[in-house]
Structure formats: structure tokens, C-alpha cells
Amino acid sequence: MRRSSSTRFWAATLPRSGGIGGDYGVQPESYRKFLADAEPVIAKLKAASIRFGFHNHQHEFIRNPETKKSCYDILITEGAPDLMLELDTYWAVVAGIDPVTIFERCPGRVPVIHVKDMEVVEKIGPVMCPVGEGNLDWPRIVRTCEASGTEWYVVEQDDCRRDPFDCLRSSWEYLSELTV
């Protein structure tokens, strides 16, 4: 089996970067430990022109009742400026967060977003759906992403209630015709 240059790079780089091992929980101190452990890895990757990012789910947005801050707030305010945030729009919205507020708080730190839409289905609740078929305000989201430096829009739909390729086609068609 032939190894690509990127595979050779990672095989050579990750052991030397120190890696990020351990089992991190979902408490604020766990996120602070993750940030401390990630800092030297981020620096080494940056030296190789590679960015390191964090992908969210909804639990990062649970607010501490005493401080009123979420673990995602810790990533934003205590994480190094070189910690990139890879925002998943669906999970942010499920948690009650307007994704636009994240882009506005973090200009230049969200180079990639996971473009996921959400519709509310009677007797089921929120579900993933093709982009443009749900409740998210995509013109507003994309306008803000462009203003804050987002470079990549990754269409993702974990669960499809119909043929996944039809969902992908629908998302592609909507985004291709979107004007902001």
C-alpha cells in the first residue's frame, strides 16, 4: 500500500507533537484541561501551516447555573486565538444558540462550518433536514460567515428521513442558488 505525503507527514508529526491523550469530560475544568493540553499541539501544527479546530455538539452550550457561562464560552474566551472553531449549525440551534452570534464573537476563528438545517416535525420535534428545507436563516448565516472569514461550508446531515442522495441534491441546489 502506497502512503500519501500527507499520511507520511501525520505519521512523522503526531508522535512528536505530543498528541492530545486522555479522557475529557463535559465539565468546565475538563475543557480547561483540554485547552492546556492542546496548546503545544496547536503551536506545532501551526508551525507546519496546519490549523487545529474544535467541532461542537449541543452539550458544549449547557450553561453553568452559577457563572452563566457554557463550555463553549470557555473555548472562545480562554482558548488560544489559534484554536479554530468548527461550528455545527444544527447542534448550536438545538442548544438554543443563534449561530450568527458565534461568528460575530469569533471573527477569523471559524474557517469551517457544518451546514446543517433543522425542521420541527409535529409529534417528533427537531430533526435534521436538507439545507433550505428547515428553519435556519441561511442568507443571514452565510452573510455573517463571509464577513467573519469562514472559508469552507461542509454540508452534513447525520440523519436523513428520505434518500440521502436526494437530501444532498436538495442542499446543493439550495446553496447554489442562494444569494446573500
Chemist: The criterion is side chain to side chain donor-acceptor pair (under 3.5 Å); which residues satisfy it with D158, sequence neighbours excluded?
Modeler: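 For D158 the side chain to side chain donor-acceptor pair (under 3.5 Å) partners, ignoring immediate neighbours, are K116.
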Chemist: Closer than 3.5 angstrom, by distance alone: can the side chain of E60 be matched with the main-chain N or O of H57 as a donor-acceptor pair?
Modeler: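 At least one qualifying donor-acceptor pair exists.
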Chemist: Mind listing the closest non-hydrogen atom pair of F61 and A92 along with its distance?
Modeler: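 Shortest heavy-atom contact: CE1-CA, 3.8 Å.
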Chemist: Considering non-hydrogen atoms only, spot the tightest contact between D117 and E133 and give its length.
Modeler: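 Residues D117 and E133, closest heavy atoms: OD2-N, 3.6 Å.
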Chemist: Return yes when atom CD of Q58 has more than 12 non-hydrogen atoms of other residues, nucleotides or ligands closer than 6.0 Å, and no otherwise.
Modeler: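 It does: Q58 CD has more than 12 such atoms within range.
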Chemist: Determine whether the aromatic ring centres of F54 and F34 lie less than 6.0 Å apart.
Modeler: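 Ring centres of F34 and F54 closer than 6.0 Å.
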Chemist: Does any N or O in the side chain of T144 come within less than 3.5 Å of the main-chain N or O of F103, such that one atom is a donor and the other an acceptor?
Modeler: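 No; judged by distance alone, with no hydrogens or angles, the pair does not exist.
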Chemist: Do L35 and E39 have side chains that get closer than 4.5 Å, going by heavy atoms?
Modeler: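 L35 vs E39: side chains apart.
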Chemist: Between D88 and H55, do the side chains contain a donor N or O and an acceptor N or O under 3.5 Å apart?
Modeler: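 Yes, side-chain donor-acceptor contact under 3.5 Å.
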Chemist: Would you call R161 and E119 a side-chain contact if the rule is heavy atoms closer than 4.5 Å?
Modeler: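 Yes. Closest side-chain heavy atoms under 4.5 Å.
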Chemist: Charged N to carboxylate O under 4.0 angstrom, E29 versus K33?
Modeler: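 Not counted as a salt bridge, because no side-chain N and carboxylate O are separated by less than 4.0 Å.
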Chemist: Does R63 come within less than 4.0 Å of D73, counting only side-chain N to carboxylate O?
Modeler: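 A salt bridge is present here (some side-chain N lies under 4.0 Å from a carboxylate O).
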Chemist: Please determine whether side chain to side chain contact (heavy atoms under 4.5 Å, CB included) holds for the pair R109 and L83, giving the CA-CA distance in whole Å, both sets of side-chain angles, and the decisive distance to 0.1 Å.
Modeler: CA-CA 7 Å; R109 289 185 65 192; L83 171 66; 3.9 Å; yes
Chemist: Could you tell me whether the side chain of T77 reaches within less than 4.5 Å of the side chain of R105, counting heavy atoms only?
Modeler: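 Counting from C-beta outward, R105 and T77 do come under 4.5 Å.
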Chemist: Return yes if some donor-acceptor pair links the side-chain N/O of S170 with the main-chain N/O of D166 below 3.5 Å, else return no.
Modeler: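 No, the answer is negative, given that no donor and acceptor are paired below the 3.5 Å cut-off.
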Chemist: For D98 and T101, does a side-chain donor sit closer than 3.5 Å to a side-chain acceptor?
Modeler: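 Per modelled atom types, D98 and T101 side chains form no pair under 3.5 Å.
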Chemist: Would you call S70 and I62 a side-chain contact if the rule is heavy atoms closer than 4.5 Å?
Modeler: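 Contact flag for S70/I62 side chains = no.
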Chemist: Which heavy atom in P130 sits nearest to a heavy atom in Q157, and how many Å separate them?
Modeler: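 It is N-OE1, 3.3 Å.
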